[in-house]
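Here's the structure, in structure tokens; my notes come after.
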Number of protein chains: 2
Amino acid sequence: MPIDPTSRIRRFNRAVTAEVGALDTSFLGRGRPLGAARVLNAIGHGRGEVGLLRDYLGLDSGLLSRFLRGLEEEGLVVTLPHPGDARRRVAALTEAGRREFSAYEALSNDRAAELLARFPKGEELLRAMDLVATALGRDRIAIEETDPRGEAALHCLTAYYAELGRRLSTGFDVSLSRDPEAADMMRPRGVFLVAVSDGLPIGCVGLKGKGGEMAEIKRLWVCPSARGLGLARRLMEAAESAARTLGITTLRLDSNSALTEALALYRRTGWVEIDRFNDDPYPDFFFEKRL
Amino acid sequence: MPIDPTSRIRRFNRAVTAEVGALDTSFLGRGRPLGAARVLNAIGHGRGEVGLLRDYLGLDSGLLSRFLRGLEEEGLVVTLPHPGDARRRVAALTEAGRREFSAYEALSNDRAAELLARFPKGEELLRAMDLVATALGRDRIAIEETDPRGEAALHCLTAYYAELGRRLSTGFDVSLSRDPEAADMMRPRGVFLVAVSDGLPIGCVGLKGKGGEMAEIKRLWVCPSARGLGLARRLMEAAESAARTLGITTLRLDSNSALTEALALYRRTGWVEIDRFNDDPYPDFFFEKRL
DNA sequence: AAAAACCTCTGACTTACGTCAGAGAAATGC
DNA sequence: GCATTTCTCTGACGTAAGTCAGAGGTTTTT
């Protein structure tokens, strides 16, 4: 009877293979082979360029070409030359293609919803799935510059504020804190970075500049399922290197003694403690780092 | 940017598909198509009967037959008539087949070990995988009678004692408790049941009889990743129905006030509190149920 | 003892997927 | 301006996998 780690992983593989297989089978229900369905869905998700499609789906150029022609004959897709480079082609869904795409989306969503409904501990299951997905896709975590008012940023910030509320003994109310202006966290004054794993935002950091040589690090957060992977450090390094490209020479940040992992990280990575430099009610630790 | 539950599940699917695909690819390295490799592995795992193989792998009888013949030609497998029914056939590995099977096992184990090594939070990942596997394979949880000294039972009991140690304010030392004799939890006096999900034991319960009409429920435990699925209830029902087949009319059990979920379950399912009936130092609640 | 049901195997066929070489059009380098 | 590189597409070919009908055994039923 297997109980060792490898057996547990292999049990997981078996369970998951069955689940994925079942989803594929339900996709077959629309009378189209899986390959063509995958292409249609990738186009629907915005991967119109043929080169992108090839990379994303890992297909041979000949095979992909055939799939595209098949979808064109079905009237679901049109391909046009790329505006800037006429060698390349871009595929787009027709009206019928969009309908077909939504049908696949619905199948996929239904399966997900059904799985959740079948399992009483929904949120716990989702957290476990996030953790596994992050672990498996670890090499695929990308750090991207984004608009601090965008959806990805908002998701991270909401989770960040909620966590502060739980961890600070005083609670946390954004409106009492000095909420950085969005423009201060966008080029040319600063940046806002999110870590994205397979489409899901799982961490963020803001660099808030005033146009001078001094800038502040704000809103460093990593989603619980992705902690312990050194992601916070990667985010901080990315923020510092962005700061350098903006001509910034000194970074500051404030933090709270309840956030012990963060404080440990700052101390490990060359930050030095300085005197209070603002009157924000929440922070009680202040750091500086010269680049 | 997707954050809703279905997107999270779909991200999980993508991550996991890539992982499973990578395992399949590594299986291809042994110069044999995937179908044949799956058959070989199923035989190695004890599914020798052709009918069983067909069901387990979901193959057409013609296709399976071809795979078997291919493996026979390679000298990895021999098929013999079924001892009791000459229409059926049973496949078995030859010496060379066993070697090849171990090579596949090694590949599988290596991949699992590598995944674990790559991820700093190993135990957490394993727990998440257990939870997901249990959720996906929920309909496949089987309750089986087993030897209370067997490996599956031991795994559950070790986890059970460890949990008691954590949860009882006094700690827990098995030797101080009245450890039921194994024979009292095997037919004809009692039974020991484990819940098995895809080969992994995830819960247990013992029915300890003395040969009379009275028996005791012992060692009810459900693995944390499988809680909230009503498994404890299923185990108790299975134990009760086993008790009925043994001619037992009254059940008793003792428990501890720290085990609140268990107490709630007993109260919900027709057990009534009675006076202390033993001098075991740990329990402080005593229940009885007439069948 | 004959009929019916059952199990595995074989041969013929189809489909999905993938590979490879090279053609044709467009962009880039010198 | 010409050679080289970069993309996409087409045609020819190969392999893995799956389907179907029926043959040839064995067992069960009546």
Side-chain angles (χ1 to χ4, degrees), chain A residues 17 20-43 47-74 77-92, chain B residues 17-18 20-43 47-74 77-92 104:
Chain A
T17 308
V20 169
L23 180 62
D24 285 353
T25 310
S26 82
F27 269 38
L28 252 29
R30 301 204 62 77
R32 196 171 290 107
L34 222 48
R38 293 212 307 150
V39 172
L40 182 70
N41 278 292
I43 297 172
R47 263 168 262 258
E49 274 193 53
V50 174
L52 268 181
L53 277 173
R54 248 205 323 270
D55 288 350
Y56 179 64
L57 298 172
L59 292 175
D60 173 84
S61 76
L63 186 51
L64 173 60
S65 194
R66 243 176 293 273
F67 282 141
L68 284 175
R69 199 148 30 83
L71 292 170
E72 272 184 326
E73 272 167 29
E74 281 193 84
V77 156
V78 285
T79 64
L80 305 161
H82 188 282
D85 181 346
R87 286 172 306 182
R88 304 190 214 176
R89 313 215 66 184
V90 182
Chain B
T17 308
V20 169
L23 181 61
D24 285 355
T25 309
S26 82
F27 268 40
L28 250 32
R30 300 206 61 77
R32 196 171 290 107
L34 221 49
R38 293 211 307 150
V39 173
L40 181 70
N41 278 291
I43 297 172
R47 263 168 263 258
E49 273 193 53
V50 174
L52 268 180
L53 277 174
R54 250 205 322 271
D55 288 352
Y56 179 64
L57 299 172
L59 294 175
D60 174 83
S61 76
L63 187 51
L64 173 59
S65 195
R66 242 176 292 274
F67 282 141
L68 285 175
R69 202 149 25 86
L71 292 170
E72 273 183 326
E73 274 168 27
E74 281 193 83
V77 155
V78 285
T79 64
L80 306 161
H82 188 281
D85 181 345
R87 286 172 305 183
R88 304 192 213 174
R89 312 215 67 185
V90 182
Y104 280 111

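Quick note: numbers below take in every heavy atom, side chains included, and nothing from hydrogens, waters or symmetry partners. Naming: A, B, ... by sequence-line order, numbering from 1 per chain.
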- Item | Shortest non-hydrogen contact from B:Ala91 toward B:Leu68 | CB-CD2, 4.1 Å
- Message: Could you report the tightest heavy-atom contact between B:Ala42 and B:Leu53, atom names first, then the distance?
- Response: CB-CD2, 3.5 Å
- Nearest heavy-atom neighbours spanning B:Arg38 and B:Leu57: NH2-O, 3.5 Å
- Tell me: CD of A:Glu49 to P of D:dC7, nearest whole Å? 10 Å
- Query: Between B:Phe27 (CZ) and D:dA17 (C1'), how many Å, whole number?
  - Reply: 18 Å
- Query: Once you round it to whole Å, what is the distance between C1' of C:dT8 and CD of B:Glu72?
  - Reply: 12 Å
- Compare all side-chain heavy atoms of B:Leu28 with those of B:Asp24 and state whether any distance is below 4.5 angstrom. no
- Which pair of non-hydrogen atoms, one from B:Ala37 and one from B:Phe27, has the smallest distance, and what is that distance? CB-CD2, 4.5 Å
- Could you tell me whether B:Asp85 contacts a base, only the sugar-phosphate backbone, or nothing, with contacts defined as non-hydrogen atoms closer than 4.0 Å? sugar-phosphate
- Query: Nearest-Å distance, CZ (B:Arg38) to P (D:dA16)?
  - Reply: 15 Å
- Message: Is the phosphate of D:dT8 approached by A:Arg54 (side-chain N or O, under 4.0 Å from OP1 or OP2)?
- Response: yes
- Query: Given atom CG of A:Asp60 and atom P of C:dG22, what is their separation to the nearest angstrom?
  - Reply: 15 Å
- Could you check which of C:dA16, D:dA17, C:dT8 has an atom nearest any side-chain atom of A:Pro33? C:dA16
- Query: Taking the side chain of A:Arg87 as its heavy atoms from C-beta onward, which of D:dG18, D:dT27, C:dA25 lies nearest to it?
  - Reply: C:dA25
- Between A:Arg32 (CZ) and C:dT15 (C1'), how many Å, whole number? 16 Å
- Query: Under 3.5 Å, is there an N or O donor on one side and an acceptor on the other linking the side chain of B:Arg89 and the base of C:dT8?
  - Reply: no
- Nearest heavy-atom contact between A:Val77 and A:Glu72 is O-CG, 3.3 Å
- What pair of heavy atoms forms the shortest contact from B:Arg54 to B:Asp60, and how long is it? CD-C, 4.1 Å
- Pull out every residue in residues 61-70 of chain B that has a heavy atom closer than 4.0 Å to any atom of DNA chain C, ordered by number, or say none. B:Ser61, B:Gly62, B:Ser65, B:Arg66, B:Arg69
- In whole angstrom, give the distance that lies between atom CG of A:Asp55 and atom P of D:dC7. 10 Å
- Item | Whole-Å gap separating P (D:dT10) and CG (A:Leu59) | 16 Å
